[in-house]
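First up is the structure itself, then whatever we jot down about it.
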There are 2 protein chains.
Amino acid sequence: MKVMNWRIERTGYDQNQITSYGNRFLTGNGYMGIRGTLEEYTKEQLAAVNLAGVYDRVGQGWREPLNAPNPLYTCLKVDGEYYRLPDKEAKKHSFTLDFRHGICSRKTVWHTLRGDVCIESEHFADLCDPHIIRMKYAVKTKFHGDIEVLTGIDADVWDINGPHYDEISLQEEDNTLIARATTHEKGDHVYVTEQVTVDFPCEMKTKSDPLTLQHRICFVTEPEREYCIEKTAAVYTDHDGTQAEFLAGEAVRADHAGAYQTGKRRHCEAWERLWAVAEVQITGDDEAMYALNYSIYHLQCIAPRHTDSLSIAARGLSGQTYKGAVFWDTEMFMLDFFLYTQPAVAKTLLKYRIDTLPGALQKAKEYGYQGAFYAWESQEGGYDACTDYNVTDVFTGRPMRTYFKDKQVHISAAIVSGIMRYVNTTGDDSLLTEGGYEVIYECARFYYSLLTKRVDREQYEILDVIGPDEYHERVNNNGYTNRMAKYVLETAAALLAYQAIPHRDGVNRQETAGSEGGWQMWAGRFEEAAEKLYIPQPDKTGIVEQFDGYRKLEDVSIEEVRGRLLNEKEYWGGAYGVASHTQIIKQADVATWMNLFPQDFAKQIMERNWNYYEPRTEHGSSLSACMYAMLACKCDNPDKAYPFFLKSANADLSDGGKEWAGLVYIGGTHPAAAGGAYMTAIEGFAGIYMENGELKAEPHLPKNWSEMRFHIWALEELYEVCVKRPDELQTSYTVTLHKVSG
Amino acid sequence: MKVMNWRIERTGYDQNQITSYGNRFLTGNGYMGIRGTLEEYTKEQLAAVNLAGVYDRVGQGWREPLNAPNPLYTCLKVDGEYYRLPDKEAKKHSFTLDFRHGICSRKTVWHTLRGDVCIESEHFADLCDPHIIRMKYAVKTKFHGDIEVLTGIDADVWDINGPHYDEISLQEEDNTLIARATTHEKGDHVYVTEQVTVDFPCEMKTKSDPLTLQHRICFVTEPEREYCIEKTAAVYTDHDGTQAEFLAGEAVRADHAGAYQTGKRRHCEAWERLWAVAEVQITGDDEAMYALNYSIYHLQCIAPRHTDSLSIAARGLSGQTYKGAVFWDTEMFMLDFFLYTQPAVAKTLLKYRIDTLPGALQKAKEYGYQGAFYAWESQEGGYDACTDYNVTDVFTGRPMRTYFKDKQVHISAAIVSGIMRYVNTTGDDSLLTEGGYEVIYECARFYYSLLTKRVDREQYEILDVIGPDEYHERVNNNGYTNRMAKYVLETAAALLAYQAIPHRDGVNRQETAGSEGGWQMWAGRFEEAAEKLYIPQPDKTGIVEQFDGYRKLEDVSIEEVRGRLLNEKEYWGGAYGVASHTQIIKQADVATWMNLFPQDFAKQIMERNWNYYEPRTEHGSSLSACMYAMLACKCDNPDKAYPFFLKSANADLSDGGKEWAGLVYIGGTHPAAAGGAYMTAIEGFAGIYMENGELKAEPHLPKNWSEMRFHIWALEELYEVCVKRPDELQTSYTVTLHKVSG
């Protein structure tokens, strides 16, 4: 097996790539994400240390996660002149991410009249201590240079809907730089501290202005000697407890020469421990292996390991786009990676949903429903950050009324599905007893309250929703939604039939359905509802209609629809979008449904629907490709799946992703695509599944893949899995599932 | 009582008024409407002889009523030079409509180098023969003029979505000009013939080109002598039977000198007979009396008296706007005028609905419903001319998906209401036995099939509709719609309880609900449905919500909303219109409901809702004002009603009506406003109503009105009604209801 290249290296400097590199070279440790930017970058270049799960809102702007004051800010003066990108053109430049270890580095050489000057630096978000960022910054010149390095905290942070800090206090104390920023909405604090160590004689002063506080390190270089500055920074917030400020100071005060090397070694070891489980080895396709493990890297960067209740934002920790909110992406696209490689993180993600049940109950009530209607864009406490006006009309500049928040009711089902996949994959039912039961019952109660029946018909229907394909708003009987609702009703009925559920925390909430007389009485209702709920069926040609009337819409090619655009940024959906009254859909919808419920359909039906819907799919969401990839595997066609898999795996490696929805910037990393790539590899190509409490595999390897090797956790055992393509003498795949722990 | 001025006279010539005068000076006899244009006008000035109920469609354009080849076309040459408006500026010009007799006339004087030349002309659509148009055209000069009058048929007609004639044959035969035009869609024919008589020596030739056929009448004038040309024209179509072409020729062939005078006298006598019943005399308010009788004039011009089954288009016979289609306007706004003054016409209007039941059954089926879903824009056979894209987006030029056709379900209830008002007002139940019962039951069956029930609630709801206020699309539980549906269900249940219904014409239609086992079994279902159907109730403050969630919409002034317009022609409704997500409504909605069901509400509640909704009403429809006027009367506040009454009565007299919806021209006459003015006068101010088969009055006269006098038919008796304001000695109105026939 070939040794993989675990580096992304880009040489040369292209100013147009600043934004995309910020995502591509991201480092993170689940507590924070550090955009892949250069030390001298400011908010102009979207430098950011994005914090997980800490939000603020200013005025009528969107509520969004905080970017901490940036402790990495560093720039260079040589002979009194600034040398920094993009202002000063470099002679040589390279930018590298070691994604085996989450270390981002750069090397830049500038030409000066007296000779070349070179910077080499690296930084990482410490995997061993979620609060710590470490950086090394080395200067070398070909001449006796008069050098000044300015390094410190830049509190003039990039914000989309900021500024979020009403007050910023900056101070120096025993050589420690301390920033204390107070948020607007709740007056929470963010503390950033840092210390630098140098191993050479220099003059060090402190320089400050209202928004930055810097060490000013002055020295004269010997030619060809490297002058190395090491920095330890700490980031804390009030969410880290009442001692956060003290801890932030302490974290860096013990800093000493050599701390960087020690810290880096431990950090790398921690990454190796992650890869020991998470790495996927593929023989015969280096490109796929590289992209897949790079996708896994991104999932690792944003995995919340520092808490037992937190989820992941749709754009991970790459910034404030999508409001840093948690979507169905987590449960439906990212969860399986964690289930199989770090079940504890999977539990943390789902605990977030359990803990935000009150928000979901509240939301249902506001819309006149019962039970739990989870937030479409969930922030702290399950607050729905989604607004009623989520897109801007490019023609009028007006906000457009969108229905993501009120009508994308399938979100609650995604959470039930996530909980049950956790339980079934890990064999651990603690999540159920710690609140999972109640979530499932309240979600079932929610769907029950959504059900309508035409007075002159027997069947139940779900009207006026948005399915996964967001281009078609306010549709009736979206197949995916109805089938998911049926699943939730069935699941709740089955669990109720099997066990009574005490209220979580012993709290007897008067408003819950359960309190009306206990959940037991609901088992029969849920069961009957699941039976009567209308599920669209294949027509004579085998096609299942995505929603009532879909097949009557204009049947036209994507190219034709694209050709109707009057503005490249205009929204394809909504009431009058170019796709809205055609059969062109944004993303996998029927395909997602079939992928989740393959037992409902003959393979030929699934294949026919794949062939019908895929050409009609714009793939305007990074969630789309992997669903087609997985469904193609279920149709025994891994080669048809392959390009969709690769698209998902390359989502953060390739250029050209959709960065605009109307006039709203939506760029960032794509962890759901990364998770989708992982799912396709493990569940699609390797064909891993659980059946009756047993781990099984039904592989379908793409044509160049001769072998896959990886580890997965299942039922509290770690398995080493090897899937080999049959050689000439064999007729079937060789699968070994070898327990390596347990 | 003061003698009313029955004339509209405009002196001077204003080119900007060409379009509006076309409507204001309209003449008609129910078979056709002649726009109020000058003889020399062509399609450029929107000259048109608009035919009732005869449609054609070309390509993808809207299907619309035909304009016949124009037999009035006439122009003048003096000394070889054309004298015609608007090209040649006139010295004097006046344009007059005698709306007592439906005669339009003009007098124009031009200055020439040799002295003045004067034209005086008049024309009318003959009330005694629906096919006949008569015209007189007199020339007088101050000098020996070398005159040429060109008069004939202009087949180059104004069309909005034409041309509708694939073939036009023009020929002269025995001095008769004959045009035979063949329509595009069905190859139907329109025949226009004409003959002229002159009482002076002249040279008469025929001049023709592909689209016009003219007499060329040349003569030399004696100064100050009047040279008079009289014309009789006839218009027939294949809808008038197989002998239409022959009859069109015969109708004018018998023409002779003096025919004009005889015809005019008979025509005027026929108008006098109409006014003998229809005139409304008001003492104390000449302006109101004038506007009201002018409104009545317009209703008379478009009343179908030549057939027993035809309805009236929303813009009457003023052209092709609104596709010449029949809306709820007829039953809800115009019908009462005919009920009270010409019950036979009322029956004709409703027979049209009975005869178009098959179209309504078909439409319901297409949308997955049962029963009769009448066309929102009804043409021949109940064909729904309404398209799914009824408005054009001013910003993109794209058609906007609108839901008038599929969601404005209250149309069927309007028809039931119309039938029942006919039965209750006339006492004649022939309409029921001639198909009315079946219409009512099928409409009830339609509403029954619309009903939904949330599985966890008992009440029935009607979801996803548009109410009278079209600015808010796809709303749930529109109060007006639900209450009307309840009314239909109750009416059907009561009729069924009282009498079994044989199928109309003895036809046993397999597809009707009635055939499933007879209508009798439906009585109980309709009754139960009416009971369970949710009707919004006043909240604590007395306000009834127009639809679910209306009160949560932005509460903002009309001025503020208008200020948000980026383009004066942009549509206020739809998904993103300036009104759509505010409480600003297009037209009376809750007010219409309360006006129809005052027994449901305390007067204080009605008043409170009037006060709440009226300031939030843009009155973007000419149907709006009269509903507020009538409701104010029901709240005992005629003075509050008065300006709304006047607005309705003046709809076709005043400038500034809404002539655009998006980029679509919607100008024309406003017969629903005219009918609304009549209703307000008779049912609001005079307070006429039927109770237990008895005619009653509860007057509320506006402050300047001391007396109203009018006639109405009720229960097959003609009454002379006189309502007098109490004088100082009295405390209540004096009402006399004097039978003058029966």
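Reminder, nothing fancy here: chain letters follow the sequence lines and each chain counts from 1. Predicted model only: the values in this text are computed from it and were never measured.
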Among the listed options G549(B), A529(B), G368(B), the residue most often paired with chain A at heavy-atom distances under 4.5 Å: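 The answer is G368(B).
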
Under 3.5 Å donor-acceptor pairs involving side-chain atoms of residues 573-581 of chain B, not counting sequence neighbours:
from, atom 1, to, atom 2, distance (Å)
Y576(B), OH, A575(A), N, 2.8
S580(B), OG, G573(B), O, 3.4
S580(B), OG, G574(B), O, 2.6
S580(B), OG, G577(B), N, 3.1
S580(B), OG, G577(B), O, 3.4
H581(B), NE2, A575(B), O, 2.7

[X] versus chain B, the contacting section by heavy-atom distance below 4.5 Å:
X: Y369(A); value: both
X: R474(A); value: both
X: L450(A); value: neither

[atom1] of [X] to [atom2] of [Y]: how many Å apart, nearest 0.5 Å?
X: T452(B); Y: L451(A); atom1: OG1; atom2: CG; result: 12.0 Å
X: R454(A); Y: Q370(B); atom1: CZ; atom2: CD; result: 8.0 Å
X: L565(A); Y: T396(B); atom1: CG; atom2: OG1; result: 11.5 Å

When you measure from the side chain of R398(A) to the backbone of R564(B), do you find a donor-acceptor pair of N or O atoms at a distance under 3.5 Å? yes

Does R525(A) pair with D456(B) as a salt bridge, N-O distance under 4.0 Å?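 No salt bridge links R525(A) with D456(B).
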
Applying side-chain contact (heavy atoms from CB on, under 4.5 Å) to K453(B) and Y460(A), what does each step give before you reach the verdict? CA-CA 10 Å; K453(B) 166 184 179 310; Y460(A) 295 171; over 6 Å; no

